[in-house]
2 protein chains.
Amino acid sequence: MPSAADLGPVPDLIRRAYDPERFRADGHRVVDTLADHLARCIPPTDDDLPVIPYVAPVDALTRWPAEFPDEPAVDSDLATTLGATARDSIRLHHPRYLGHQVPPPVPGAALADAAAALLNNGMAVYEMGGASTSQEFAVIAWMVRTLGMPSTAGGLLTSGGSVGNLTALLAARQAAAGFDAWAGGAHAGPPLAVLVASTAHYSIARAVRALGWGDGGAVEVAVDDAYRMRADDLARAHAAAVAAGRRPIAVIASAGSTATGAYDPLPAIADFCESHALWLHVDGAHGASAALVPRLHHLVAGIERADSVVWDAHKLLAMPALCTAVLYKDETRSYAAFAQEASYLFAPEREWWNTGLRTVECTKRMMSTILYASLRAYGVDFFRAYVDRVFSLGQAFGARVGAASDFELAVPPDANIVVFRYRPDPSITGAALDELQATLRRRCLEAGRWYFLTTRLGGALWLRTALMNPLAGEDELDGVLDAIRGAAREVAR
Amino acid sequence: MPSAADLGPVPDLIRRAYDPERFRADGHRVVDTLADHLARCIPPTDDDLPVIPYVAPVDALTRWPAEFPDEPAVDSDLATTLGATARDSIRLHHPRYLGHQVPPPVPGAALADAAAALLNNGMAVYEMGGASTSQEFAVIAWMVRTLGMPSTAGGLLTSGGSVGNLTALLAARQAAAGFDAWAGGAHAGPPLAVLVASTAHYSIARAVRALGWGDGGAVEVAVDDAYRMRADDLARAHAAAVAAGRRPIAVIASAGSTATGAYDPLPAIADFCESHALWLHVDGAHGASAALVPRLHHLVAGIERADSVVWDAHKLLAMPALCTAVLYKDETRSYAAFAQEASYLFAPEREWWNTGLRTVECTKRMMSTILYASLRAYGVDFFRAYVDRVFSLGQAFGARVGAASDFELAVPPDANIVVFRYRPDPSITGAALDELQATLRRRCLEAGRWYFLTTRLGGALWLRTALMNPLAGEDELDGVLDAIRGAAREVAR
């Protein structure tokens, strides 16, 4: 055999890289580095530790140069690089993290993540996920049960809410377009449309444009004063879509919405969808987790009537990104989203155990293992306590803002998202009021002591916080208001 | 403040879950569990250790029930659950893993993955990725340089090759459709088409249907005897698309293809695209890594002329899933894929430091940290050695199969993918020959000692291996052929 001589033994460089004892030693160092990082972040937190070690983007680039040695440099072991990465990163476990809808992951989930990464089962076919495929069916069954969906329901995990919403819209298109849009293409039928409020997540607007429905493919439904979809406006929106020459196929409801966390009224929306043969998709990426807590369950009442639901475990189930469930009331619909097969992967018949038939991904991470192991190790009561706590933080902060004479609350919060602004004087209006919010936010960001956001609402700029850290408490809720007042005093000087 | 009494202190259940010392103790146990698992898998491997602990799908479900305790059960600590997951999973680090295009990750990357998961920076905006945004620019710069793309080039990381191909096709649509397909929708212009060989990955076919171009949106270009796209068939395919009333916007080339690893002839395809104003997208998910090795570089010559390239670090850069680069010859094109903004995230002006403007994802994993830390810790030479080794395995296995009188080689391999079949007697043909391959593969799978695949090629069923494990050697290449012969003897009895 002429090639035998060419192959030779495994090069030392490769043997050393895969050495299990090197992994063990690196692993213990990395665990200690991360544990030390975590210990600094969580309360009681050193008052001097910034929540965000802010540097301007252009300066950050020079810290992490695109220079990689042919052979490792002496200071480039994993723990050192990862420790420096932690130092330069925003600290989600810090109680003054009052920012985006990304949780401080429950720490053990990061360890499950390492196992998922090392095992690296590819998931598209059952063989490449002997444990993780079963674990995916298990966590999906638990999620379906938690939402009270019928026994016909089922679904899948996928890489993020944006991909999840796209997947659900593909299934909706195939179910409700009235023609085979998959095989025939958009031109085989009229332009399609979904009915959706302007408060929906931007991934919906993106999916509508990606699928070729254009700006007119998202027909706006009005919202009420609490930024919830007005179900009594659906008939008008439907008629408007038809009048524009479009075929409405679905209503997209939010539970809750991104900017304010508002929950759209699902029962009334479901009634409309049933009477008009529309697919109901509920984007519960953020808020479906409310179903875990009895006192919050009313927020998602009706979600069990949705044809499809997106639910991010990497939001209010405290998992690291990304871990999104796409759930269908009728699980067989999940095969409609992607209607073709790859011969090297799938037999022509439908094979429920090969989950790649139903997801955007071909190779998929073992997301299920991370959620499964976390549910077992922490228990469901932890997840209930997490959701309960962060919603309580939202309610408590909303009450504080409402009671403060120098702040305004945009709307009483449904969830753990609070939109507010600093307005010490009612004579400050318009552009000056907007500019004040932007200035105060930028000062707090650059000081690194507090992390919260801005958002546009009704054409004006507001401050916004998603209270994702259950370790935050009254000190932080009072503290951030004081910090904003303090920044205002500095600006005034 | 009425709510202060309601909030109360952080519940013990939450404090305990986030306890850094619990994380440290769990972490050391998980690292040892994973190190022990790795030690069993890598050579010298216990002869009794299955590469795949195969059980029928329906039986696997009962092993991982959808039952999660309110409080953790005594046997449900992380290390126990993750150890059991490893036990039931396919072992990619086992030298007899000769399966899908998913690598045994270089182990330290799994530790970087844990750091990425714990830090959980959300990446859509720079603030939520103070280190990882810079690291993303750095690894993208390194990849662009490695492929020899021009100084105008740049790109982004995204969650997998399927999403990457979809992203690139969105950019191609916006650049080449001749109308604003994003805002106007599909009906604002003629049906679009891409020219693509049947050997392309199924994610291309899916993306074409998802975007609303239908079956006719993928116009087939012929392949030669080596399953490479025939550049001299592009003019015919282009004319066929036009004759069918479609506007061709792009050619999709593979580097290499999924079934056989064939590299399409990029220089000739690039010439055609330039002369016909077509976008050139190269799906280099699997094979772009050949650019790292001088003796293999000819395979990807011309890739630097592509308008967009997809390159999976979770294939031949030995990273855990998912870590995909989408590279553009003109980086500004990356903004065209998604043309709108979300007010709570982005200011209206283009902000290069907010990478979410260019990806499908909103929240995105810190994929960059994993690749960045691995490049530093292992050095570029390791990655060169990895690619060199697995391509050598492919060439050596191709030579062995070619020299064996009882086996047939479908085509001399370009890459580390070999398609072959067992045919001890030339009188075995047609369905009987197909059935023989299926039977032998199933026997080997169920025995758990060897893991390889089947694929359909030219209407027939073949055996297929992607040689992803650099720890495999001559023993495995000879051994799998002997195992197939042994299975055939058993079948004959």
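Computed from a predicted model, the values in this text were never measured in an experiment. All chains are named by letter (A, B, ...) in the order of the sequence lines, taking the proteins before the strands, and each is independently numbered beginning at 1.
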Go through the atoms of B:S76 and report whether side chain, backbone, both or neither lie under 4.5 Å from a heavy atom of chain A. both
Tell me, with the steps shown, if B:C362 and A:H201 meet side chain to side chain contact (heavy atoms under 4.5 Å, CB included). CA-CA 10 Å; B:C362 179; A:H201 187 256; 3.6 Å; yes
What part of B:L322 gets closer than 4.5 Å to chain A, counting heavy atoms only: side chain, backbone, both or neither? both
Would you check, one step at a time, whether the test side chain to side chain contact (heavy atoms under 4.5 Å, CB included) holds for A:D77 with B:R376? CA-CA 7 Å; A:D77 72 284; B:R376 289 197 64 172; over 6 Å; no
Greatest number of heavy atom pairs closer than 4.5 Å to chain B - which of A:A131, A:A84, A:A116: A:A131
With a 4.5 Å cut-off on heavy-atom pairs, point out which of B:A385, B:G398, B:G473 contacts chain A the most. B:A385
Ignoring hydrogens and angles, state whether a donor on the side chain of B:N120 or A:H93 is under 3.5 Å from an acceptor on the partner side chain. no
Sort B:L78 into side chain, backbone, both or neither according to what part of it lies under 4.5 angstrom from a heavy atom of chain A. both
Atom group of B:P103 that falls short of 4.5 Å from chain A, counting heavy atoms: both
Side-chain donor/acceptor of A:R400 to backbone N/O of A:Q395, under 3.5 Å: no
Honestly, the part of A:Y126 sitting under 4.5 Å from a heavy atom of chain B is side chain
Heavy-atom pair count under 4.5 Å with chain A, highest-scoring of B:V102, B:V30, B:L34: B:L34
Between B:D88, B:I90, B:D312, which has the largest tally of heavy atom pairs under 4.5 Å with chain A? B:I90
At a heavy-atom distance under 4.5 Å, which candidate from A:R24, A:R87, A:E67, A:R145 has the highest pair count against chain B? A:R24
Bottom line for B:D36: the part with an atom under 4.5 Å from chain A's heavy atoms is both
Among the options B:A183, B:G27, B:A141, pick out the one with the most heavy-atom pairs lying under 4.5 Å from chain A. B:A183
With chain B, which of A:P107, A:P69, A:P65 has the greatest number of heavy-atom pairs at distances under 4.5 Å? A:P107
Heavy-atom pairs under 4.5 Å with chain B: which of A:D113, A:T369, A:T33 has the most? A:D113
Exam field: side chain A:Y378 to backbone A:G108, donor-acceptor pair closer than 3.5 Å: yes
Against chain B, work out which of A:D26, A:L211, A:I370 has the most heavy-atom pairs shorter than 4.5 Å and name it. A:L211
Determine whether A:W353 and B:V58 satisfy the following criterion, side chain to side chain contact (heavy atoms under 4.5 Å, CB included), listing intermediate values before the conclusion. CA-CA 8 Å; A:W353 53 86; B:V58 71; over 6 Å; no
Does B:S162 reach the side chain of B:R206, with side-chain heavy atoms less than 4.5 Å apart? no
Which atoms of A:L170 approach chain B - backbone, side chain, both or neither, heavy atom under 4.5 Å: side chain
Count the heavy-atom pairs under 4.5 Å between each of B:A210, B:P470, B:A109 and chain A, then report the option with the highest count. B:A210
Which bit of B:I140 is near chain A, if near means a heavy-atom gap under 4.5 Å: side chain, backbone, both or neither? neither
Under 4.5 Å from any heavy atom of chain A, what part of B:Y372 do you find: side chain, backbone, both or neither? both
Flag, side chain of A:E361 to backbone of B:G160, donor-acceptor distance under 3.5 Å: no
Could you look at B:Y54 and say if it's the side chain, the backbone, both or neither that has a heavy atom under 4.5 Å from chain A? side chain
Flag, side chain of B:R22 to backbone of B:Y18, donor-acceptor distance under 3.5 Å: no
When you measure from the side chain of A:R464 to the backbone N and O of A:T455, does any donor-acceptor pair fall under 3.5 Å? no
When heavy-atom pairs shorter than 4.5 Å are enumerated against chain A, which of B:S89, B:S159, B:G130, B:S392 gives the highest number? B:S89
Select, from A:A112, A:A181, A:G122, the one with the greatest count of heavy-atom pairs under 4.5 Å involving chain B. A:A112
Parallel, tilted or perpendicular: which fits the ring planes of A:Y451 and A:H100, with parallel below 30° and perpendicular above 60°? tilted
For B:L119, is there any backbone N or O sitting under 3.5 Å from a side-chain donor or acceptor partner on B:N121? yes
Would B:V360 and B:F338 count as a side chain to side chain contact (heavy atoms under 4.5 Å, CB included) if you check the C-alpha gap in whole Å, the side-chain angles of each, and the deciding distance to 0.1 Å? CA-CA 8 Å; B:V360 165; B:F338 310 100; 3.6 Å; yes
